[in-house]
Amino acid sequence: LNVGIVGGGAIGLASAHYLARAGAEVTVIEQGRCGEGASQGNAGWITPTLSGPIPAPGVMRQAIRWMGDPASPLLIRPRASLDFARWCWGFWRSCGEQRYREGMRAVLALNERTMELYDELRQAGIGMELHETGLLFVALDAAHLSEYERMFDDLRAAGHGGTATRMDADEVVKFEPALHPAVAGGIHAPGERHVRPETLTAGLLADLRARGVQVLEGAAVQGVAQDSGRWTVRGSFRTRVFDKILLTAGAWTGQLLRQLGTKVGLEGAKGYSLTAAGTGTRPAHALYFTEAKVGCSPFRDGVRLAGTLELAGLDLSPNARRSGALADSARRYLADWEPGGAAQAHWAGLRPTAPDGLPYIGAVPGSAGAYAATGHAMLGITLAPATGALVAQLMLGEQSPDVLRPFRLDR
Ligand SMILES: Cc1cc2nc3c(=O)[nH]c(=O)nc-3n(C[C@H](O)[C@H](O)[C@H](O)COP(=O)(O)OP(=O)(O)OC[C@H]3O[C@@H](n4cnc5c(N)ncnc54)[C@H](O)[C@@H]3O)c2cc1C
């Protein structure tokens, strides 16, 4: 079977890996360089504990409170667009308690094999910089931590077996000496991991090349069409024909699906990061600054701060105020680590996000042989191996795996 994959981010590359492993003849078509979309400068957390979808009870209230503050973790730039209005309406409807819990249960089920699959990828020789020090939620206000304790209660109620240890102010600073003495406490989830995402995509790409997968870079897909039961893919390269196609073009997937007559709600939820060797005491754990909603990932040769969620269409332009806000929030939680001057790498990426916060993984309705996997929002690195493994089953098997039912495109 001859499969064409449009988009070489974490989701496309992981899917290519499992499809090639199962015997498919795979071609990855990427408009830029593989791994240089949203999958590049993110925090790299592998965190099934964050399976709760973005639309959640209380989120709208919080969003409205933040609206006037240009440095807040959430920024919505209203656009005169019917699609955007529909997306916002869908998001608002998804914030109810029941839908949140259903979404969490569905994503937890998708995450069930995440750690096992990451271990398997490493055993298969895919090199990556992986850290197994857990995730530490940190708060400046002890009362704020209860919100995350409730999240762990919800996770347990949904069948998640991971443990979490609550620490008071003294305990948490002893456990992570890089923290500011003013922090009020923390919760450590020891089973969580983080990976330097650039090493994950580079490792997958090297593996694909070794398996003989064709990788076209600098190849922008302009059109996909079905012709006598096969799929023709056209663009800035020699036209290719495939038995089946998989659309993993991240925040841009909606445009390709439209050509197939399928409309899905998909926004690019922009986020920023800055990465620097910095000066001062480096954290030893991945940290979540809970009030600021900023992630902090220590890598071998630097520390990355990542966060903010900005709804501004497919616009990737930088915003100095947002990057500055990341460094400011780190100063409130860290004792003396500073990103430093010129050697900081600033980055922005678009998280592909559906109004209900759940990924789209499934067949394209009415287009036999076409599939899509996108909408992973905050969890594309966490969910890349699970998505890839299930996409291979979906595209090569007789029927869709049950666990994918909540993620179908026509839900
Ligand atoms: C600040 C920030 C922090 C984050 N932190 C985490 C985290 O800690 N853990 C986690 O799990 N997730 C995190 N995420 C989310 C994660 O980065 C995304 O969910 C994930 O990278 C999405 O992967 P993707 O392959 O779907 O998209 P992308 O990586 O964007 O890949 C899509 C690719 O398709 C290509 N493409 C688009 N259109 C075409 C076309 N027409 N022709 C050919 N190619 C095309 C693009 O160039 C791109 O390379 C974070 C995101 C941000 C922004």
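In this text the structure is predicted, and so the values were computed from the model without any measurement. Just so you know, ligand 1 is whichever comes first in the structure, and atom 1 is the first atom listed for that ligand.
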Mind running side-chain hydrogen bond (donor to acceptor under 3.5 Å, both in side chains) on Gln226 and Ser367 for me, showing each step along the way? CA-CA 8 Å; Gln226 200 169 26; Ser367 295; 5.4 Å; no
Modelled atom types, side-chain donor and acceptor of Asp315 and Ser317, under 3.5 Å: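 Yes - a donor-acceptor pair under 3.5 Å links their side chains.
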Give me the nearest non-hydrogen protein atom to [atom] as residue plus atom name, then the distance to 0.1 Å.
| atom | answer |
| --- | --- |
| atom 43 (C) of ligand 1 | Gln31 N, 3.2 Å |
| atom 2 (C) of ligand 1 | Arg351 NH2, 3.7 Å |
| atom 26 (O) of ligand 1 | Ile11 CG1, 3.4 Å |
| atom 5 (N) of ligand 1 | Ala43 N, 3.2 Å |
| atom 27 (O) of ligand 1 | Gly250 CA, 3.6 Å |
| atom 28 (P) of ligand 1 | Ala38 N, 3.6 Å |
| atom 13 (C) of ligand 1 | Met378 O, 3.3 Å |

Need the ligand 1 atom indices (1-based, order shown) with element for anything under 4.0 Å from a heavy-atom of [X].
| X | result |
| --- | --- |
| Thr248 | 32 (C), 34 (O) |
| Ala377 | 15 (C), 16 (C), 18 (C), 19 (O) |
| Ala220 | 42 (N) |
| Ala10 | 25 (O) |
| Ile29 | 43 (C), 44 (N) |
| Gly44 | 7 (C), 8 (O) |
| Gly271 | 1 (C), 53 (C) |
| Tyr272 | 1 (C) |

Criterion ring-ring contact (aromatic ring centres under 6.0 Å, His included) on Phe152 and Phe137, from CA distance to verdict: CA-CA 12 Å; Phe152 279 101; Phe137 296 77; 5.6 Å; yes
If we only count N/O pairs under 3.5 Å, is [X] in contact with ligand 1?
| X | result |
| --- | --- |
| Gly12 | no |
| Ile381 | yes |
| Gly307 | no |
| Leu350 | no |

Students often mix this up, so state it plainly: with edges at 30° and 60°, are the rings of Phe299 and His131 parallel, tilted or perpendicular?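 Geometry flag for His131 against Phe299: tilted rings.
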Mutual orientation of the aromatic rings belonging to Tyr148 and His144 [parallel < 30°, tilted 30-60°, perpendicular > 60°]: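 Tilted.
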Neighbour count above 12 (heavy atom, 6.0 Å) for [X] [atom1]:
| X | atom1 | answer |
| --- | --- | --- |
| Arg405 | CZ | no |
| Arg122 | CZ | yes |
| Glu112 | CD | no |

Looking at non-hydrogen atoms alone, which of [options] comes nearest to [atom]?
| atom | options | answer |
| --- | --- | --- |
| atom 48 (C) of ligand 1 | Glu30, Gln222, Arg33 | Glu30 |
| atom 23 (O) of ligand 1 | Gly9, Ser39, Gly380 | Ser39 |
| atom 22 (C) of ligand 1 | Ala373, Pro352, Gly235, Gly349 | Pro352 |
| atom 41 (N) of ligand 1 | Leu50, Asn42, Val221 | Val221 |

Can you pull the salt bridge (charged side-chain N to carboxylate O under 4.0 Å, His left out) pairs that have at least one residue in residues 232-250, sequence neighbours excluded?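 For residues 232-250, and leaving out neighbouring residues, the salt bridge (charged side-chain N to carboxylate O under 4.0 Å, His left out) pairs sorted by first residue read Arg230-Asp243.
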Heavy-atom donor-acceptor pair, Thr262 side chain to Leu257 backbone, under 3.5 Å: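 No; zero donor-acceptor contacts below 3.5 Å.
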Checking the side chain of Thr281 only, and the main-chain atoms of Asp336 only, is there a donor and an acceptor separated by less than 3.5 Å?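 Flag not set: sc Thr281 to bb Asp336 has no pair under 3.5 Å.
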Hey, does Gly295 sit under 4.0 Å from ligand 1 if you only count heavy atoms?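 Contact check Gly295 vs ligand 1: negative.
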Does ligand 1 have an atom that lies less than 4.0 angstrom from a heavy atom of Ser273?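 Judged by the 4.0 Å heavy-atom criterion, Ser273 does not count as contacting ligand 1.
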How close do Ala10 and Ala384 get, heavy atom to heavy atom, and via which atoms?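 Looking at all heavy atoms of both residues, the closest pair is O-CB, 3.8 Å.
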Shortest non-hydrogen separation from Ala363 to Leu409 and the atoms involved: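 So the minimum-distance heavy-atom pair works out to O-CD1, 4.0 Å.
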Under the ring-ring contact (aromatic ring centres under 6.0 Å, His included) criterion, do Phe175 and His285 qualify, and how do the steps go? CA-CA 10 Å; Phe175 181 72; His285 304 87; 4.4 Å; yes
With sequence neighbours excluded, what pairs up with Glu30 under the side chain to side chain donor-acceptor pair (under 3.5 Å) test?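 For Glu30 there are no side chain to side chain donor-acceptor pair (under 3.5 Å) partners, ignoring immediate neighbours.
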Heavy-atom pairs closer than 4.0 Å: do any link ligand 1 to the side chain of Trp45, the backbone, both, or neither?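 For Trp45, backbone and side-chain atoms both sit under 4.0 Å from ligand 1.
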Please classify the Leu383 to ligand 1 contact at 4.0 Å (heavy-atom distances, strictly less than): side chain, backbone, both or neither.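 Leu383 to ligand 1: no contact under 4.0 Å from either part.
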